[in-house]
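These notes are about the structure you will find just below.
In what follows, chains carry the letters A, B, and so on, assigned in the order in which the sequence lines appear, proteins first and then strands, with residues in each chain numbered from 1.
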2 protein chains.
Amino acid sequence: MCSACRIRRLGVCSGADEKGLDQLELRKTYRRYAPGERMASAGLDLPQIGTVLSGTATLSRTQDRGTRQIVGLLQKGDILGRPWRHTTPFDVEALTPVEVCAFRTPVFEDLLDQMPGLRTRMIEMIQDDLDAARTMMTILGRKTAREKIVSFLVHLALRQNSTPERGACEVDMMLSREQIADILSLTFETVSRQIMDLERAGLIVPRTRRIFCIPELQALIQLSGDDHDGALIDC
Amino acid sequence: MCSACRIRRLGVCSGADEKGLDQLELRKTYRRYAPGERMASAGLDLPQIGTVLSGTATLSRTQDRGTRQIVGLLQKGDILGRPWRHTTPFDVEALTPVEVCAFRTPVFEDLLDQMPGLRTRMIEMIQDDLDAARTMMTILGRKTAREKIVSFLVHLALRQNSTPERGACEVDMMLSREQIADILSLTFETVSRQIMDLERAGLIVPRTRRIFCIPELQALIQLSGDDHDGALIDC
DNA sequence: CGAACGCTTGACACTCTTCAAGACATGTGG
DNA sequence: CCACATGTCTTGAAGAGTGTCAAGCGTTCG
C-alpha cells in the first residue's frame, strides 16, 4: 500500500494526494537488483522511471582510458529515470541490494500530466539534484585531495548524525577507497594516504576500515576549504 | 507580444499554448543588466524567475581562498531563478548586456500550477541542465588541461556551426582566458599555454585572440578524451 | 603619454598520479 | 586446519602535469 510506504514522505510520490496514491498503486511494479548489477547503461534505452525504496546505487560514466567518475548516489527516495527522455546518459549500478518502485516511462508521464502535486515535487527534486551536481563541480575542480576527503567526511557526518552539534560523532563511509576515489576524482592510493594522515593527526579515529569516530567535527569543517552548506551529491 | 517573442520556441514558455501566452503576457516584466552587474548573489533572496532573452551571464561560486568556479552559462532561453526555492545557491553575473523576461516567484509558481505544458517544459529544461552539470563533473575531475581545452573548443564549434560535418569551421570563444579558466578549473596561464600549443600544432588557427579557425574538427574531437556527446555546461 | 588590462612566456615548486611491493582480511578447496 | 587465492588497503619512490610567481609584450582608453 502506497499510503503505508516507508518512503511516503520522501520520494516524488510525496507530491501525490490520497486520490493520486490510488492511481500510483494501480500502476507500480517492484523491482530488485543484486549488488553489482547493472540497472541501466549510458546511451541505452531506459523505459522505466522509479523511486529507490532501499539500498544504494551509483550513477557514473567511464572514459575510454578506464577512469570512472561517479556523478551521483541513488539512495532511499531518489529518482531513477527521466520523464520525456527515453535514454539515460549515465550508467546505473547497484552497490548494495536495491529495491525500486517502478513505472513504465509513458505511464509515469501520464501520471505527471494528471497530478500537479507530483509534478511540483518532481521539479523540486531535480532542482535539488542540479544544485548538488553544481556544488560537486566546485569541489572537483577547486579543492585539494585533503579538502575533498574532509568535505566528504563532513558531509556524511552531518547526514548520518541528525544532531548538528559539531562535537563528537561517528561516520560510516560505506564505500571502498576506490569508490570514494571515483566520487572525488582521485586515485585510491591518494584516498588511502589522506585518510591515514587524518588518522595520524587524530582528527578521525578508526573503528573499522570504513567507520570512524570524529572527536571534533568542527575541526574537520574548518579543514574542508569553505563554508560547508552540506549539499554534496546524493540529495 | 509573447507570441512574437524571439525565444518563443526556446524557453520555458515554449511549453505554453496560445491561451497560456496571454496569461504570461499580463504578468511579465522586462529587466536589463549591464556587463559586470550582479544579477543575484549566493545565499540571498531571489524573488524572481526569468528567461534570458539575450546576452550571457555566468553562474558561479567563489571560495574563501579566492578561486572561482563557473558552474553554468545562462544564454538565450535559459532560466534564471528557481520555483519553490526562495534563495539561489550561486552568484549570477552579467557578462554582456543581458535582457530578462521576469516574473515574481509566487506568480510564476501559480502559472506553473495552472499550465501543464509549462511545467513539463520546466522539467525537461532542468533535467537537461542536470545532465550537463554531471557531464561537466566528469570533465573537471578526469580530464587533463589539454583535453579540457579541446573539449571546450569542440563543444563551442559544434554549437556555433550547426553543420556537424566535422571538417573546417570557425569558433568564437567569447570569453577571456581567465573566464575559460574559471569554467574548466585551470589557471589562466595554463589556458593560455594550452591554446598556444594547439596553435603551434596547427590544430587551430587564430583570427583574433578569441576567434579561431579549426581546419579539421575531427582531429580535435579525437584529442578530447572521449566520445563527444556535446553536452557541456550551457544548455 | 601613461595606465590598465589581457595575454604570453619562463623558471621553479609542489601536489597528485603512477608503478611497484607488501600487509591484512576473508573465503575456498584440499 | 592449513594452504592458497582474492580483494582491499597501506606504503614507498619516482615522475608528470599544473600551479605559482615573476616579467614582459601588445592593445585600448582616458
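- Residue R209(A) places none of its side-chain N or O atoms closer than 4.0 Å to OP1 or OP2 of dT26(C).
- The shortest distance between the side-chain N/O atoms of S192(A) and the OP1/OP2 oxygens of dT10(D) is below 4.0 Å.
- When the P atom of dC24(C) is taken as reference, atom CE of M196(A) falls 12 Å away, rounded to whole Å.
- In this model, the phosphate group of dG19(D) is approached by a side-chain N or O of T190(B) to a distance below 4.0 Å at OP1 or OP2.
- The distance from atom CE of M173(A) to atom C1' of dT8(D) is 14 Å, rounded to the nearest whole Å.
- OP1 or OP2 of dT15(C) has not a single side-chain nitrogen or oxygen of R146(A) nearer than 4.0 Å.
- Between L186(B) atom CG and dG19(D) atom C1' the separation is 10 Å, expressed in whole Å.
- Closest to the side chain of R193(B), out of dT18(D), dA13(D), dG19(D), is dG19(D).
- Nucleic acid contact class of T67(A) (heavy atoms, under 4.0 Å, all strands): none.
- As rounded to whole Å, 16 Å separates atom P of dC9(D) from atom CZ of R200(A).
- In this structure, the CZ atom of F188(B) is 12 Å from the C1' atom of dT9(C), given to the nearest Å.
- Between the side chain of E189(A) and the base of dC19(C), a donor-acceptor pair under 3.5 Å is found.
- Put simply, CZ on R210(B) is 10 Å from P on dT8(C), counting in whole angstrom units.
- Taking for each of Q194(B) and V191(A) the nucleotide of DNA chain D with the nearest heavy atom, the 5'-most of the two is the partner of V191(A).
- Remark: C1' of dG19(D) and CZ of R65(B) are 12 Å apart, rounded to the nearest angstrom.
- Contact detail for S54(B) and R6(B): the closest heavy-atom pair is CB-NH1, 4.2 Å.
- Electrostatic pairing of R61(B) and D91(B) does not count as a salt bridge here, judged by no charged N lying under 4.0 Å from a carboxylate O.
- For R177(A), taking side-chain heavy atoms from C-beta onward, the closest of the listed nucleotides dT18(C), dT8(C), dC9(D) is dC9(D).
- One finds a salt bridge joining R142(A) and D182(B) here, because a Lys/Arg side-chain nitrogen approaches an Asp/Glu carboxylate oxygen to under 4.0 Å.
- Comparing S176(A) and R142(A) by the nucleotide of DNA chain D whose heavy atom lies nearest to each, the residue mapping closer to the 5' end is S176(A).
- I195(A) has its CD1 atom 18 Å from the P atom of dC24(C), to the nearest Å.
- Ionic pairing of D128(B) and R85(A) is present here: one or more N-O contacts between side-chain nitrogen and carboxylate oxygen are shorter than 4.0 angstrom.
- A cation-pi geometry, defined here as NZ or CZ lying under 6.0 Å from the six-membered ring centre and within 45° of its normal, does not hold between R177(A) and F188(A).
- For T187(B), counting side-chain heavy atoms from C-beta on, the closest listed nucleotide (dT10(D), dG19(D), dT9(C)) is dG19(D).
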